[in-house]
Colleague: 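Sharing a structure, written as structure tokens. Questions coming.
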2 protein chains.
Amino acid sequence: MLSKSCIYGIQAAIYVAANASQEFVPISQIASELKISFHFLTKVLQQLTQARLMNSYRGPKGGVALAKPSTEVTLYDLIGAIDGTAIFTECMLGLPGCGIAEPCPAHEHWTKVRSELTVIARRLTLDSMAKKAGELNVRLTEEFRYAQTMFPAIRPLNGNH
Amino acid sequence: MLSKSCIYGIQAAIYVAANASQEFVPISQIASELKISFHFLTKVLQQLTQARLMNSYRGPKGGVALAKPSTEVTLYDLIGAIDGTAIFTECMLGLPGCGIAEPCPAHEHWTKVRSELTVIARRLTLDSMAKKAGELNVRLTEEFRYAQTMFPAIRPLNGNH
DNA sequence: CCTATTTTAGACAAAAGAGTCTGAAATCTG
DNA sequence: CAGATTTCAGACTCTTTTGTCTAAAATAGG
Ligand code: SF4
Ligand code: SF4
């Protein structure tokens, strides 16, 4: 579905949003906490800064920061900046010029899924994801849980959802 | 979303379903009509026969045929046989062991899309897709339209959908 | 001004996906 | 049986994605 680059970008953006207290968050910090290759993440985040979703600053005390309030950055923006918006417009069978009087056999069903995906991606903001990430037992990566690291945790419970 | 292999496999399966009159359809015929590399399609269809979704027969008059009635083969089966079922079970952020008391920040929204996708894939049969493919101006690939080739067409209209 | 830190830019390597090709095995036709 | 056709199996190449590494530019702080 989403490329590795895109997944890393989303995770990092959530991390940055949750660390709003820090002016600029160094990429090295994000990479090590989220267990992502530093150099690879660097390239991904460059895409986000080039897309004006993030600002970057060099030198000591440098790093990356959101260019807009986290309430104004959506999942759609992030995916669009890294993987492109094809996933929201493209066809199941990947045919060019689709949906315009030349439907493939799965069209009507596929567009239903696709539009729901689009609505959700447009609605989900970094802010709301970061808040979720702050809840107990909600994780950002395989190992990294905000509840236990960022907000040195209270109760190491197993909440089910 | 879907790999090229998977897309080719689905297109070919629809083609075979629509050609139910032919006992075995040679892969060369499918490949040339659908403009897919013959050798590549051969490997994809081998996956479908190994998954028992198709039967194959060698020699002159050989080819591939559906192993079951086209009403009993779903999009889910095809995708599962080629790309695997990960797309129906996996997470947006691709984390292992997900959805079990360890949700990522997008979980509740993502599962909604995912389950709708699953329902649709399970419901969509080769039969219904092949029937759609038989309708005018519904195409299977960029160039191949059933209405104009298989059922040498009546009215070359632009229907919109 | 000097050094340490950090992003930027781009080369490079490894792995996975997509596509090509060859030879062998099975099967039909004559 | 001989020859043509077709799937099967696997090697091989090309491209894209993923990941690693190095050097340069910017900046803070002493
Ligand atoms: S007809 Fe619809 S579902 Fe099919 S390939 Fe085009 S846009 Fe996608
Ligand atoms: S928590 Fe849900 S959406 Fe997030 S990675 Fe896991 S299954 Fe996917």
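Just so you know, these numbers come straight off a predicted model, no measurement behind them. Naming: A, B, ... by sequence-line order, numbering from 1 per chain.
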Colleague: Would you check if the side chain of A:T85 reaches a backbone N or O of A:F88 as a donor-acceptor pair within less than 3.5 Å?
Modeller: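 Not a single qualifying donor-acceptor pair exists.
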Colleague: Do B:I14 and B:L126 come close enough that some side-chain heavy atom pair is under 4.5 Å?
Modeller: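 Touching, per the 4.5 Å side-chain cut-off.
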Colleague: With clusters built from Ile, Leu, Val, Met, Phe, Trp and Tyr whose side-chain heavy atoms come within less than 4.5 Å, directly or transitively, what are the remaining members of the cluster of B:V119, listed by chain and number?
Modeller: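 Result for B:V119 is none, singleton.
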Colleague: Report the distance from atom CD1 of A:I27 to atom C1' of C:dT8, rounded to the nearest whole Å.
Modeller: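 After rounding, the gap between these two atoms is 9 Å.
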Colleague: Can you figure out which of D:dT6, C:dT20, D:dC8 approaches the side chain of B:P26 most closely?
Modeller: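 The nucleotide sitting nearest to the side chain is D:dT6.
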Colleague: From CG of A:L34 over to P of D:dG19, roughly how many Å is that when rounded to an integer?
Modeller: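 After rounding, the reported distance stands at 14 Å.
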Colleague: Across the strands shown, which category fits B:Q29 at heavy-atom distances under 4.0 angstrom: base, sugar-phosphate, nothing?
Modeller: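 No contact.
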Colleague: State, with a plain yes or no, whether a side-chain heavy atom of B:L2 is found less than 4.5 Å away from one of B:I10.
Modeller: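 The answer is yes, as the side chains (C-beta and beyond) meet within the 4.5 Å cut-off.
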Colleague: Which part of the nucleic acid, if any, lies within reach of A:F24 when heavy atoms closer than 4.0 Å are counted: base, sugar-phosphate only, or nothing?
Modeller: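 It contacts nothing in the nucleic acid.
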Colleague: Would you say A:S115's side chain and A:T111's backbone share a donor-acceptor pair under 3.5 angstrom?
Modeller: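 Yes.
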Colleague: Has B:Y57 got a side-chain N or O lying under 4.0 Å from the OP1 or OP2 atom of D:dT5?
Modeller: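 No.
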Colleague: With a 4.0 Å cut-off on heavy atoms, is B:L45 in touch with a base, just the backbone sugar-phosphate, or nothing at all?
Modeller: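 No contact at all - B:L45 keeps every heavy atom at 4.0 Å or more from the nucleic acid.
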Colleague: Take the protein atom CZ of A:R58 and the nucleotide atom P of D:dG29, then report the distance between them rounded to whole Å.
Modeller: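 Spelled out: CZ on A:R58 to P on D:dG29 is 18 Å.
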Colleague: How close or far is atom C1' of D:dT13 from atom NE2 of B:H39, stated in whole angstroms?
Modeller: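 Checked: the NE2 to C1' distance equals 14 Å.
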Colleague: Under 3.5 Å, which N/O atoms of the protein pair with N/O atoms of nucleotides 16-18 of chain D?
Modeller:
unit_1: D:dT18; atom_1: OP1; unit_2: A:K4; atom_2: N; d: 3.0

Colleague: Figure out the CZ/C1' separation between B:F38 and D:dT5, and round it to whole Å.
Modeller: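 From B:F38 CZ to D:dT5 C1': 10 Å.
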Colleague: Go nucleotide by nucleotide along DNA chain C from the 5' end; which of A:P60 and A:Q50 gets its closest nucleotide reached first?
Modeller: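 So the residue in question is A:P60.
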Colleague: Ignoring the backbone of B:Q46, work out which of C:dT22, D:dC21, D:dC8 is nearest its side chain.
Modeller: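 So the side chain of B:Q46 is nearest to D:dC8.
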Colleague: Would you check if the side chain of A:D127 reaches a backbone N or O of A:P69 as a donor-acceptor pair within less than 3.5 Å?
Modeller: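 Side chain of A:D127 to backbone of A:P69, a donor-acceptor pair under 3.5 Å: no, none is there.
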Colleague: Go through C:dT6, C:dT22, D:dG19 for me and flag the one nearest to the A:S37 side chain.
Modeller: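 Selected nucleotide (nearest to the side chain): D:dG19.
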Colleague: Side chains of A:V44 and A:I36: does their closest heavy-atom pair fall under 4.5 Å?
Modeller: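 No; the side chains remain at least 4.5 Å from each other.
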Colleague: Roughly how many Å is it from CD in A:Q47 to P in C:dT7, rounded to a whole number?
Modeller: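 One finds 16 Å between P of C:dT7 and CD of A:Q47, rounded.
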Colleague: Quick one: is B:S56 getting a side-chain N or O under 4.0 Å of the D:dC8 phosphate, OP1 or OP2?
Modeller: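 Yes.
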Colleague: Do side-chain atoms of B:R114 reach the backbone of B:E90 as a donor and acceptor pair under 3.5 angstrom?
Modeller: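 Pair found, side chain donor or acceptor close to backbone of B:E90.
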Colleague: Could you state the CD-C1' distance from B:E23 to C:dC28, rounded to the nearest angstrom?
Modeller: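 One finds 15 Å between C1' of C:dC28 and CD of B:E23, rounded.
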Colleague: Need to verify one output field. Residue with the more 5' nearest nucleotide on DNA chain D, B:G62 or A:K61?
Modeller: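 Mapping each residue to its closest nucleotide by heavy atoms, the 5'-most match is B:G62.
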Colleague: How many whole angstroms separate atom CD1 of B:I36 from atom P of C:dT20?
Modeller: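 After rounding, the reported distance stands at 12 Å.
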